[in-house]
Amino acid sequence: MKTARTVVVGITGGIAAYKAVNIVRAFVLNGDSVHVVATTAALRFIGKPTLEAISRHPVHSELYEGVAEVRHVAIGQSADLIVVAPATANTIAKLAAGLADDLLGNTILASTAPLVIAPAMHTEMWNNPATVANVKTLRERGVIVVGPGVGRLTGQDVGAGRMEEPGTIVAAALAVLDGTYVEKPAQDLTGRRILISAGGTREPLDPVRFLGNRSSGKQGVALAEAARDRGATVTLVAANLEVAEPSGISVSRVGSAVELNEAMQAAAPTADVIIMAAAVADYRPQTVREGKIKKQDTGDTLILELIKNPDILAALALGRTPGQVIVGFAAETEADDSRLLDLGREKVARKGCDYLVVNRVGWTQGFATDSNAILMLDRLGVIVNEASGSKMSVAQSILDVIV
Ligand code: C5P
C-alpha cells in the first residue's frame, strides 16, 4: 500500500476558486492527505464547509488561530507538495516578494516542498509587466507554473488568464510529486501566425548547377519548432534544407530567391510575425542555360553575368500590415565587435525591419553547426538581446523578445 503524501492546497481569492474543490477532491481520491489553506478572499468565493467536507480536514485561513500548535510553520513543514490554485496576481506578487502576511504566505515560506501554482486572472493582469516579472522570478526559483490557458474568462471576454483545467493541474502536481514532471513550454504564441524562411537559396546556372551558400537551415528550423511548441501556427518557407522538416507546421519548399520571394509574398499578408532566417543570394545568373554549360564552349575562363535579386526582407518591411513584426538576420564575417555592431545598425535601418539578429559566420562558424551566438538589435539599433548556446535555445530567446 502506498503511503499517503501530504498535499497542501492553497486557494486564493479569484472566481476560479470554485473549481479548486475538484482539485482537492482529485488528491483525496488519489489517496493523498489534503490540507486546505484558503485566504480570506478565497472564502468569499467558496464556503469553508464545502472544503472541509471534501478535504476531510479542517480548513485554515487565519494566521492568529491555532497559534499554540505553531500552525503557520507546521502546515508548511508537513507538506510534500503545495499547490496554489487559483493563484491570483496579488498572491503571485506576494510570493515573488516573499511576503508572509497571511497563513498561506507563511505556510509557503516555511516549506521546502515543491510549489505548483495555477495562475488565474484577466488577460490584462496576466500581461501586466509587474505580473510578467513576478512569474519570471518564481519560475527562476523553481516554482512550477501550470497555465494559465486561453479561453473564456469570467465575463464575456476571452483571452489568456483562464485557470488551467483542474485535471491538468492535478496531473502536473502528481507528476511533480513523482519526479516525472516535464515542463510544457509557455503557450505565449497561441493564436499567432508566424512565417519563417530558412535555409539557403540556390540560383540555377543550368539544369545541373547552381550558385548557393552554406546555410543548413538549422537556425530557421529551430525557430519554427520553438514557435510551434509555444502555440503558434507556423508556415516555414524552406530553401534547400539540410535538416529534416519539422512536423506539425505547413512547409512550402522553394529553391531560388525568386521562388522564396513569391512564397513569402503570398503568405505575408496573414502573418503576425515574419522571420527571414534564410540566407538569400543577393545575385542570380542573368540567363539560365537550357542545357549544361560545356567547357569546350567556354574555354579557360567562364564569365557569369549576375543580376540583383529582390531584397525580400526590405520589401516585406515596406509592405507590412499594421502590427506585423518583421525580423531579419545578418550573417557577417566581420571579426571586430564594434564594426559588427555598426554593420548591424546600418542594416536594420536600411532594411526597415523591427529587429535584426546579427551573427558571425565564417569557415567554421555559424553555418551547419548546432550552436550559435547572436545579438539582436531593435529598429533603433539598440541591443535588446544577446544569446549563445544551442540553436534551439537561441531560437527561444529570439521568440522571447518577439513575444
Ligand atoms: O543584406 P543581407 O543579405 O546581409 O541581409 C540579410 C537579411 O536580408 C536576411 O534576413 C535575409 O533573409 C534577407 N535577404 C532578403 N533578400 C535578399 C537578401 C537578403 O530578404 N535578396
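Within the structure, every pair that satisfies the side chain to side chain donor-acceptor pair (under 3.5 Å) test and touches residues 255-284, not counting sequence neighbours, is listed here: R284-N309.
With a 6.0 Å radius and a threshold of 12 heavy atoms from other residues, nucleotides or ligands, E69 has its CD atom above the threshold. For Y181, the OH atom sits in a packed shell: over 12 heavy atoms of surrounding residues, nucleotides or ligands are nearer than 6.0 Å. Atom CZ of R253 has 12 or fewer neighbouring heavy atoms from other residues, nucleotides or ligands inside a 6.0 Å radius. By the 6.0 Å contact criterion, CZ on R141 is enclosed, its count of non-hydrogen atoms from other residues, nucleotides or ligands being greater than 12. More than 12 heavy atoms of other residues, nucleotides or ligands lie within 6.0 Å of CZ in R320, so this atom counts as buried by the packing criterion. Within a 6.0 Å sphere centred on CD of Q286, other residues, nucleotides and ligands contribute more than 12 heavy atoms. Heavy atoms from other residues, nucleotides or ligands lying under 6.0 Å from CZ of R56 number 12 at most.
Rounding to the nearest 0.5 Å places CD1 of I117 at 4.0 Å from CD1 of I92. Between the CG atom of L153 and the CE atom of M125 there is a distance of 11.5 Å, given to the nearest 0.5 Å. In this structure, CG on L115 lies 8.0 Å from CD1 on I144, to the nearest 0.5 angstrom. The line from CG of D297 to CZ of R289 is 8.0 Å long, rounded to the nearest 0.5 Å. S111 OG to L81 CG: the interatomic distance, rounded to the nearest 0.5 Å, is 9.0 Å. Here CE of M376 is found 12.5 Å from CG of N359. Values are rounded to the nearest 0.5 Å.
Listed for the E203 side chain is no donor-acceptor partner under 3.5 Å among the backbone atoms of L211. A donor-acceptor pair under 3.5 Å is formed between the side chain of H57 and the backbone N or O of V34. Using a distance-only test at 3.5 Å, with no hydrogens or angles considered, a donor-acceptor pair links the side chain of R228 to the main chain of S247. At distances below 3.5 Å, at least one donor-acceptor pair connects side-chain atoms of Q324 with backbone N or O atoms of A271. S215 contributes a side-chain N or O that, together with a main-chain N or O of G199, makes up a donor-acceptor pair within less than 3.5 Å.
Of the options E225, K391, R230, a side chain to side chain donor-acceptor pair (under 3.5 Å) to Q396 is made by R230 and by none of the others. Applying the side chain to side chain contact (heavy atoms under 4.5 Å, CB included) test between I108 and each of L95, V8, T91 identifies L95 as the sole match.
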For a side chain to side chain contact (heavy atoms under 4.5 Å, CB included) check, start with the C-alpha distance between V37 and V9, then their side-chain angles and the critical distance, and finish with the verdict. CA-CA 6 Å; V37 178; V9 178; over 6 Å; no
Side chain to side chain contact (heavy atoms under 4.5 Å, CB included) between D400 and N385, worked out: CA-CA 9 Å; D400 286 344; N385 182 21; over 6 Å; no
Decide side chain to side chain contact (heavy atoms under 4.5 Å, CB included) for D102 and T40; before the verdict, give the C-alpha distance in whole Å, the side-chain angles of both, and the deciding distance to 0.1 Å. CA-CA 9 Å; D102 59 8; T40 46; over 6 Å; no
Side chain to side chain contact (heavy atoms under 4.5 Å, CB included) between L103 and I75, intermediate numbers included: CA-CA 9 Å; L103 185 61; I75 300 173; 4.3 Å; yes
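The two residues D80 and R5 have their closest heavy-atom pair at OD2-CA, 3.4 Å. Here the closest non-hydrogen pair linking L104 and V84 is CD2-CG1, 4.3 Å. Heavy-atom minimum distance, C353 versus G328: SG-N, 4.1 Å. The two residues A277 and F329 come nearest to each other via the heavy atoms CA-CD1, 3.7 Å.
Using a cutoff of 4.0 Å between basic side-chain nitrogens and carboxylate oxygens, D337 and R360 are scored as salt-bridged. A salt bridge links R209 with D206: the distance from a Lys NZ or Arg NE/NH1/NH2 to an Asp or Glu carboxylate oxygen falls below 4.0 Å.
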